Amino acid sequence: MELQGKNVLITGSTRGIGWGLAQAFAKEGCNIVLNGRGIVDQALIEEIEGNGVRCVAVSGDIAEFERAGEMVKEVETTLGPIDILINNAGITNDKLVLRMTGEDFQKVVDINLGGTFNMTQHVLKKMMKQRRGAIINMASVSGLMGNLGQANYAASKAGVVGFTKSVAREAASRGITVNAIAPGFIETDMTACLTDKVKEAATQNIPLQRFGQVAEVAQAAIFLAKSPYITGQVLNVDGGMVMQG
Ligand code: NAI
């Protein structure tokens with residue numbers, strides 16, 4: 001897909017990987033929709049507009065189905081149809097499974113997987129009518145290989161992978177691509193809370209021997225958005241942690 005002038009909605013885009021995606025797609029000439037649970041800082045909107053593109057913000061929790069629908073409608077009214085949806089927003093709440101409450105489990109699944117479903121369903125309706133579009137879902141290596149203390153998170157991200165492949169099959173006849181990115185350890189607020197000891201141990205399991213940068217995830221998203229013949233795939237951006245063939 002030619003990216004210039006396309007409308008891109010990125011959930012959870014006020015910081016971290018989402019913010020990096022917003023900056024990268026704006027540099028490609030895309031109009032950007034920022035999303036966060038709270039009010040989006042005007043300075044972020046202005047920074048994106050500095051690329052000569054339009055930028056709007058919608059505030060709301062992606063885990064709430066009706067609010068997700070309202071946000072999509074708000075965007076369609078102000079900016080027009082969404083060409084690219086990036087389901088990026090996600091949370092962790094790490095605990096060993098024996099200490100995890102039902103609520104600890106459910107909340108992570110509701111946001112990471114439920115939110116991806118909510119936003120996709122609302123956006124896909126128009127995309128199917130338009131017969132064009134790209135959806136990119138943020139999975140994780142945890143969803144592919146499991147991770148100690150992340151039964152809730154890994155389950156939600158494995159769900160995102162299955163969801164991606166199913167929707168890719170349903171939307172393919174309309175020329176819409178649906179793919180996932182599985183980042184490894186990327187330097188953001190989500191990984192900033194890890195102790196130096198945990199970071200060192202993690203780095204030992206990364207063949208490229210370092211954490212990834214947000215811009216390196218954005219590069220993969222731009223590649224997928226531009227690729228009309230790639231669908232139903234999981235692209236790992238993980239320094240080689242998971243090698244699948
Ligand atoms: P982050 O914690 O820095 O940012 C997440 C963003 O999502 C924040 O802006 C937050 O406000 C927003 N958000 C959370 N729940 C939301 C909700 N219910 N509704 C709307 N917005 C919500 O996280 P980071 O590191 O940028 O991660 C982005 C995505 O990449 C997540 O899905 C995460 O699981 C995934 N990921 C991150 C990795 C990393 O090493 N940082 C590794 C693998 C996957």
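As the structure lists them, so they are numbered: ligands from 1, and atoms in each ligand from 1. This one's a predicted model, so the numbers in the text were calculated from it and none came from an experiment.
Sorted by chain and number, the residues within 4.0 Å of ligand 1 by heavy atom are G12, T14, R15, G16, I17, N35, R37, G60, D61, I62, N88, A89, G90, I91, I111, M138, A139, S140, Y153, K157, P183, G184, F185, I186, T188, D189, M190, T191.
Atom-to-atom distance recorded for L9:CG and T11:OG1 is 7.0 Å, nearest 0.5 angstrom.
Transitive grouping of hydrophobic side chains (ILVMFWY, heavy atoms separated by less than 4.5 Å) keeps F163 and I181 in distinct clusters.
Listed by chain and number, the residues in a side chain to side chain donor-acceptor pair (under 3.5 Å) with E216 are R210 (sequence neighbours excluded). Applying the salt bridge (charged side-chain N to carboxylate O under 4.0 Å, His left out) rule to R15 yields the partners D189; only residues at least two apart in sequence or on another chain are considered. For N152, there are no side chain to side chain donor-acceptor pair (under 3.5 Å) partners, not counting sequence neighbours.
In this structure, D61 does not pair ionically with R37, as no charged nitrogen and carboxylate oxygen lie closer than 4.0 Å.
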